[in-house]
Student: 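Just dropping this structure here.
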Number of protein chains: 2
Amino acid sequence: MPDTPTSQSVFRALADPTRRDILVMLRGRDLTIAEVSENFDMTRAAVKKHLTVLSDGGLIHMTTRGRERVNSLNPAGIGPVRDWFSYFDGFWDDRLSELKSAIEKDRQ
Amino acid sequence: MPDTPTSQSVFRALADPTRRDILVMLRGRDLTIAEVSENFDMTRAAVKKHLTVLSDGGLIHMTTRGRERVNSLNPAGIGPVRDWFSYFDGFWDDRLSELKSAIEKDRQ
DNA sequence: CTTTTATGAAACCAAATGGTATCATGTCAA
DNA sequence: TTGACATGATACCATTTGGTTTCATAAAAG
């Protein structure tokens, strides 16, 4: 229930539309910083900052290849978010149960 | 893949730890602004702002009861987030397929 | 009617955030 | 080696954000 620093960094990383777009781009294939930058109307430096935030959140993985840095999607990164949401799964179930028993009572 | 204003407001709402804590609290039962405020070391005004952001994101629902305002969790609110993540489901599958066929080739 | 009580709203503030420009560094190619 | 290219790093700037304080309003209690 308390927030682990990890889940905070993930939610933080997902909060920005540019960063979510970057994740979508990386779904297709791995990209260097320059390649990612081509798709946005902002400087490479700005894109690099976004990539750093995504990396801090564990959503992407960076590999140095010569003088390039290749950014790839990290499947495990979304784990903390899924875990957090799973905490609410019981809520939906409870609400369904309440509805169900309300209907039962109504029949009797 | 483009960001609907809705999904942005949801991700934005989820980005703050205080707001995520509020959601966890509301999982138990509906609460007024004053009741939510009791659990935090900040003013009611600040908590109200957070509740407004959560409401804008469609994550909670507010009902006026006399002079009180009751805040309740909105199950449907997390929909946009789930939808967004589902876009990546294919990615996991693809990666698994690649791994699988790599193993197959290795056997032959 | 007067007084609490619960909230709404606005002005204000410090810190975080997204962005730029600039310069340094390391690597590939000639 | 020299030059071009991809990135790292820093300082700086405007806006957003999370927070407070203060005052206004509306409903419940006496």
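All chains are named by letter (A, B, ...) in the order of the sequence lines, taking the proteins before the strands, and each is independently numbered beginning at 1. Hydrogens, waters and symmetry mates play no part in the numbers below; they use all other heavy atoms, side chains included.
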Student: Could you check how far CZ of R65(A) sits from C1' of dC5(D), rounded to whole Å?
Tutor: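 Taking atom C1' of dC5(D) as the reference, CZ of R65(A) is at 14 Å.
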Student: Is there a side-chain polar atom (N or O) of R69(A) under 4.0 Å from OP1 or OP2 of dG8(D)?
Tutor: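 Checking dG8(D) against R69(A), a side-chain N or O does come within under 4.0 Å of OP1 or OP2.
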Student: Would you kindly give the CD-to-P distance between E68(A) and dA29(C), to the nearest whole Å?
Tutor: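 For the pair E68(A) CD and dA29(C) P, the rounded distance is 10 Å.
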Student: Taking OP1 and OP2 of dG18(D), is either one under 4.0 Å from a side-chain nitrogen or oxygen of R19(B)?
Tutor: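 Yes, because at least one side-chain N or O of R19(B) sits under 4.0 Å from OP1 or OP2 of dG18(D).
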Student: Suppose we call a contact any N or O donor and acceptor under 3.5 Å apart; does that hold for the side chain of R67(B) and the base of dT7(C)?
Tutor: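 A donor-acceptor contact between them is absent.
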Student: Spell out, as yes or no, whether a donor-acceptor pair under 3.5 Å connects the side chain of N71(A) to the backbone of L31(A).
Tutor: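 A pair under 3.5 Å: yes.
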Student: What is the distance, to the nearest angstrom, from the CE atom on M62(B) to the C1' atom on dG8(C)?
Tutor: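 To the nearest whole Å, that distance equals 11 Å.
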Student: I'd like to know if the side chain of N39(A) reaches the main chain of E35(A), judged simply by a donor and an acceptor atom lying under 3.5 Å from each other, with no hydrogens or angles considered.
Tutor: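 Side chain of N39(A) to backbone of E35(A): a pair is present.
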Student: Quickly work out the R20(A) CZ to dG18(C) P distance and round it to whole Å.
Tutor: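 Value for this atom pair: 11 Å.
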Student: Rounded to the nearest angstrom, tell me the gap between atom CE in M42(A) and atom P in dA21(C).
Tutor: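 Between P of dA21(C) and CE of M42(A): 13 Å.
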Student: Check whether R69(A) reaches the backbone of T64(A) with its side chain - one donor and one acceptor, N or O, closer than 3.5 Å.
Tutor: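 Checking the backbone N and O of T64(A) against the side chain of R69(A), no donor-acceptor pair under 3.5 Å is found.
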Student: How would you label the contact of T64(B) with the nucleic acid (heavy atoms, under 4.0 Å): base, sugar-phosphate, or nothing?
Tutor: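 Result for T64(B) = nothing.
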Student: Any side-chain N or O of T43(B) less than 4.0 Å from the OP1 or OP2 oxygen of dT20(D)?
Tutor: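 It does, given that an N or O in the side chain of T43(B) lies less than 4.0 Å from OP1 or OP2 of dT20(D).
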Student: Does R44(A) place a side-chain N or O at less than 4.0 Å from the phosphate oxygens OP1/OP2 of dC5(D)?
Tutor: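 Checking R44(A) against dC5(D): no side-chain N or O falls below 4.0 Å of OP1 or OP2.
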Student: Please tell me which of A45(A) and N71(B) maps to the more 5' nucleotide of DNA chain C, matching each residue to the nucleotide holding its nearest heavy atom.
Tutor: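 Looking at the nearest nucleotide for each, N71(B) comes out on the 5' side.
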Student: Rounded to whole Å, how long is the line connecting atom CD of E38(A) with atom C1' of dC5(D)?
Tutor: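 My rounded result for the distance is 13 Å.
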Student: Would you give the length of the straight line joining atom CD1 of I78(B) to atom CH2 of W84(A), rounded to the nearest 0.5 angstrom?
Tutor: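 It is 6.0 Å, given to the nearest 0.5 Å.
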Student: Where the side chain of R19(A) meets the backbone of A13(A), is there a donor-acceptor pair that is under 3.5 Å apart?
Tutor: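 Yes, because the side chain of R19(A) sits within donor-acceptor range (under 3.5 Å) of the backbone of A13(A).
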Student: Can you say whether a donor on the side chain of K49(A) sits under 3.5 Å from an acceptor on the base of dG19(C), or the other way round?
Tutor: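 Such a pair exists between side chain and base.
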Student: I33(B) or D41(A): which one's nearest nucleotide on DNA chain C is closer to the 5' end?
Tutor: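 Closer to the 5' end of DNA chain C: I33(B).
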Student: When the distance from CG of L54(B) to P of dT17(D) is rounded to whole Å, what number comes out?
Tutor: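 Atom CG in L54(B) sits about 14 Å away from atom P in dT17(D).
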Student: Using atom CZ of R12(B) as one end and atom C1' of dT15(D) as the other, report the distance to the nearest whole Å.
Tutor: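 Checked: the CZ to C1' distance equals 13 Å.
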Student: Have a look at A34(B) and say if it touches a base, only the backbone sugar-phosphate, or nothing, with a 4.0 Å heavy-atom cut-off.
Tutor: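 Here A34(B) touches the backbone only, sparing every base.
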